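The structure appears below as structure tokens.
Everything quoted here is computed from the prediction, not taken from an experiment.
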Amino acid sequence: MKHPASPRVVTLVGPQGVGKTTLFESLLKSTGAEELRAVGGSGGATGRSMTLELSVAHTRFLGEEWTFIDAPGATEFAQEARHALMVSDAAVVVCDASPERAAALAPLFTFLDARRIPHLLFLNVLEEGGAPVREVLEALQAVSSRPLVMREIPLREGGHLVGVVDLVSERAWGLGKEGKPALLSLPDSDKPREETARRELIERLADLDDALLAQLLEDVIPPPPALYEQLERALREDRLVPVFLGSAEQGLGLERLLKGLRHEAPTVDETRARLGIPGEIPLLVQAFKTQHQPHVGKLSMVRIWRGGLNEGDTLAGSRVGGVQRVHGAKQTPAGTAREGEVVTVSRVDALRTGDLADAEGLLTPKDWPLAPPPVHQLAIVAEKRTDDVKLTSALSRLVEEDPSLSVDQEADTQMLLLGGQGELHLRLALEHLRTRLRVPVSTRPLPIPYRETIRKTGSHHARFKRQSGGHGQFGDVVVDVKPLPHGQGFRFTSAVVGGAVPKQYVPAVEEGVKDGLKRGPLGFPVVDVEVTLTGGTYHSVDSSDQAFRTTGRLALVEILPKLEPVLLEPILQVDIHVPNEAIPRAQRLVTSHRGQILGFDTHPEVPGWEVLTAYIPQAEMQGFIVELRSASSGLGSFVTRHDHYSELVGKQAERVVSHQQQPAAER
């Protein structure tokens, strides 16, 4: 068995509501760690009824140092979990005895397997009405590319979980006095079940090792030390997933889980090699979380991959302002930290989430997970006009803290759009803006980039004449205007002959025409039109570029209302990702939002999931993610891209135009 000199890091992941935080707190309690300080005086020991951000705590077990990270389980906070997993030696995937929730683990297994992150499974089987363990594992195996191998079997009395049987040591464990682990005698009735499960474990290990397979074929049962060695190697190489079980709330099975981690979880050296991180650099850290705190400044949570770090050292070219050890909401000045540890460092401004840093600068991280595109957006404005500049800076910090947020500016209205992974995600972001970054904002209806076009062709003669003493202004043009096929944009040509409009004024006419298209008779930019300058006159003294630009604009303003203007709405192609069983509900959701289903196919990466492709009006997408998550047990997501514009007529078009033509203050 390995005896690592450096601390190891384990992240607890899994769907929302399976008991991750309870397991996190129970592991700390069972190892004698300091109780986590509550946040805001509500919730559990972590101060949360639902984990929304990473919670980090340090403890010791049998003389070895461990850092446990409790990661959010909700889909909209998945990026937080991924960042923690990237700096972890191993993960504990927590699930409950509900086979129907296996689909929720599919994206997580896909991420772990794609990056070869060693992981164990902890089956939290507290519920009496839960499904049998084997039924749960069959459902989970369908969404895992790695074999799930039972390390333990449950012991029950009257339907209650009272203990677990370790299939390597063949010993049964339960809870004794004061909740401490205690050896149990294995009932005779359970021995055949234990023997069958142990044989299956050995056969699974033999699939990975020829020497063990040869022993098995000769009916030689390998001793426990040989099995432990095989399990350690298989986990380190991410070739199988050992399955532990117990009750997080009762504390049952936790010691066996901890010992499994102690025996089998990789060391920091092995993790560094897996990630391809250089081992020869004297000091190397990686940031996996960033936060800006009032009166403190920038804090970066880092894993130290190599060397030691002291307050005052140089990191990424900056002097480290402080080194703090994190334990829940509590941060304690440490002054120094060693290889393998997780700490926060202050005032290293160049360091961003995901960055690898040595003393002098930054290194490009390998395969750091990209943030998913936003699925929910809000238009925001600072509550105080004097905070406009401050808001820009605050949003930059917010996105630095959480790369799964995004900030864009809507082209037509110039409104700021804050995007994220769901309604709760954006609510939390707005709360951070208000409390930590001190910039309260209010939200506005999301602007939709409607356009308009024309159905008829027409010709128009426009004249602009103004005399105000001295040189006047004079422009005179004749234009033909006709519709173009959808998607063709704008086209301008000149067919003037004989110098009726001198060539030097033609570009000014074109600019004026463009000005006239910026707001059509329905109140929106006009697209898909061709304008041809066919004639006009000029004045040798009063004509100018500005006069002809004004005339060109007047020509379009005067003619467009006569050419049957029609409203165009933007249509998005939406690729909706949901578990297989949610496809019928997703289809109904699309049609209820005026969508057109194009087809669906098997998800290319996530087993048990499908991708439904549809055209949906952009106006129907506000809040769509909320309904999709409701229809898919909180799991669904989507990716969008603009595809085309489509004519919108009838009462819906009338409502849009009526709203657009209201004074801005009344909208």
Side-chain angles (χ1 to χ4, degrees), residues 10 12-15 17-27 30 68 90-102 104-105 108-109 118-141 143-144 146-175 179 181-184 186-187 190-191 193-201 204 227-228 231 235 240-265:
V10 175
L12 277 56
V13 289
V18 295
K20 288 189 307 301
T21 299
T22 302
L23 177 61
F24 176 65
E25 294 169 348
S26 296
L27 287 170
S30 69
F68 287 104
V92 174
V93 180
V94 186
C95 59
D96 57 17
S98 305
E100 63 274 9
R101 298 189 67 176
L105 284 163
L108 176 57
F109 279 137
H119 50 288
L120 300 80
L121 188 66
F122 183 79
L123 185 56
N124 195 16
V125 291
L126 177 63
E127 302 88 348
E128 291 182 43
V133 170
R134 287 194 177 275
E135 185 179 332
V136 176
L137 290 184
E138 285 176 5
L140 293 172
Q141 186 63 76
V143 297
S144 171
R146 305 293 191 267
L148 307 181
V149 181
M150 291 184 65
R151 278 290 311 275
E152 300 169 332
I153 61 170
L155 283 181
R156 298 184 185 274
E157 288 182 3
H160 297 279
L161 182 71
V162 296
V164 297
V165 182
D166 187 301
L167 296 176
V168 178
S169 66
E170 297 188 278
R171 293 194 291 180
W173 295 85
L175 293 177
L183 278 170
L184 302 177
L186 180 62
D190 284 308
K191 287 181 179 178
R193 190 163 58 93
E194 185 273 334
E195 291 171 359
T196 300
R198 191 171 196 270
R199 179 79 179 186
E200 291 177 358
L201 168 64
R204 286 294 189 99
L227 295 180
Y228 282 127
L231 285 164
L235 181 67
L240 59 75
V241 181
V243 180
F244 292 80
L245 50 88
S247 167
E249 188 167 319
Q250 295 177 355
L252 185 60
L254 303 195
E255 176 128 342
R256 310 318 303 163
L257 174 63
L258 286 166
K259 286 195 172 180
L261 287 167
R262 182 171 183 260
H263 279 282
E264 299 159 27

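Remark: Glu194 CD to Leu155 CG distance equals 9.5 Å, nearest 0.5 Å. With values rounded to the nearest 0.5 angstrom, Thr196 atom OG1 is found 11.5 Å from Met150 atom CE. Atom NE2 in His263 sits 13.0 Å away from atom CG in Leu235 (nearest 0.5 Å). Here the straight-line distance linking atom NZ of Lys259 with atom OG of Ser169 works out to 9.0 Å at 0.5 Å rounding. Between the CG atom of Leu148 and the CG atom of Leu137 there is a distance of 6.0 Å, given to the nearest 0.5 Å.
Contact of the Phe122 side chain with the Leu245 side chain is not registered, since no non-hydrogen atoms from C-beta on lie closer than 4.5 Å. For the pair Leu121 and Pro242, the minimum side-chain heavy-atom distance is 4.5 Å or more. Leu108 places a side-chain heavy atom less than 4.5 Å from the side chain of Val93. A 4.5 Å side-chain heavy-atom check between Glu255 and Ser30 finds every atom pair outside the cut-off. Side chains of Leu183 and Trp173 form a contact here, defined as non-hydrogen atoms less than 4.5 Å apart. Contact annotation: the side chain of Val133 never approaches that of Ile153 to less than 4.5 Å [non-hydrogen atoms, C-beta and beyond]. Contact annotation: the side chain of Val92 approaches that of Val10 to within less than 4.5 Å [non-hydrogen atoms, C-beta and beyond]. Side-chain contact check for Pro118 versus Arg146: every heavy-atom pair is 4.5 Å or farther apart.
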(message) Is there a side-chain contact (heavy atoms from CB on, under 4.5 Å) between Thr21 and Leu12? Walk through the geometry before answering.
(response) CA-CA 8 Å; Thr21 299; Leu12 277 56; over 6 Å; no

(request) Take Arg171 and Leu186 through the side-chain contact (heavy atoms from CB on, under 4.5 Å) test and state the conclusion after the steps. (result) CA-CA 7 Å; Arg171 293 194 291 180; Leu186 180 62; over 6 Å; no

(request) Carefully, step by step, assess Leu123 and Asp96 under the rule side-chain contact (heavy atoms from CB on, under 4.5 Å). (result) CA-CA 6 Å; Leu123 185 56; Asp96 57 17; 5.8 Å; no

(message) Show, in sequence, the C-alpha distance, side-chain angles and deciding distance for Val241 and Val149, and conclude whether the side-chain contact (heavy atoms from CB on, under 4.5 Å) test is met.
(response) CA-CA 6 Å; Val241 181; Val149 181; over 6 Å; no

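A donor-acceptor pair under 3.5 Å is formed between the side chain of Asn124 and the backbone N or O of Val18. The backbone N or O of Glu170 sits nowhere less than 3.5 Å from a side-chain atom of Arg198 that would complete a donor-acceptor pair. Side-chain N or O atoms of Ser26 include one that pairs as donor or acceptor with a backbone N or O of Ala248 at under 3.5 Å. A donor-acceptor pair is defined here as one N or O able to donate and one able to accept, closer than 3.5 Å; no such pair exists between the side chain of Ser98 and the backbone of Arg101. No donor-acceptor pair under 3.5 Å is formed between the side chain of Arg262 and the backbone N or O of Leu257. Side-chain atoms of Ser144 never come within 3.5 Å of backbone atoms of Gln141 as a donor-acceptor pair (strictly under, hydrogens ignored). Glu152 places no side-chain N or O within donor-acceptor distance of the main-chain N or O of Val164, the cut-off being under 3.5 Å. Side chain of Lys20 to backbone of Gly14: a donor-acceptor contact under 3.5 angstrom is found. A donor-acceptor contact shorter than 3.5 Å is absent between the side chain of Arg151 and the backbone of Val243.
The shortest non-hydrogen separation linking Ser247 to Leu161 is N-CD2, 4.2 Å. When every heavy atom of Pro99 is checked against every heavy atom of Ala139, the shortest pair comes out as O-CB, 3.7 Å. In terms of heavy-atom proximity, Phe68 sits nearest to Phe24 at O-CE1, 3.4 Å.
The pair Arg134-Glu200 counts as a salt bridge, with a side-chain nitrogen and a carboxylate oxygen less than 4.0 angstrom apart.
Note: His119 and Phe109 have tilted aromatic rings, judged against thresholds of 30 and 60 degrees for the angle between ring planes.
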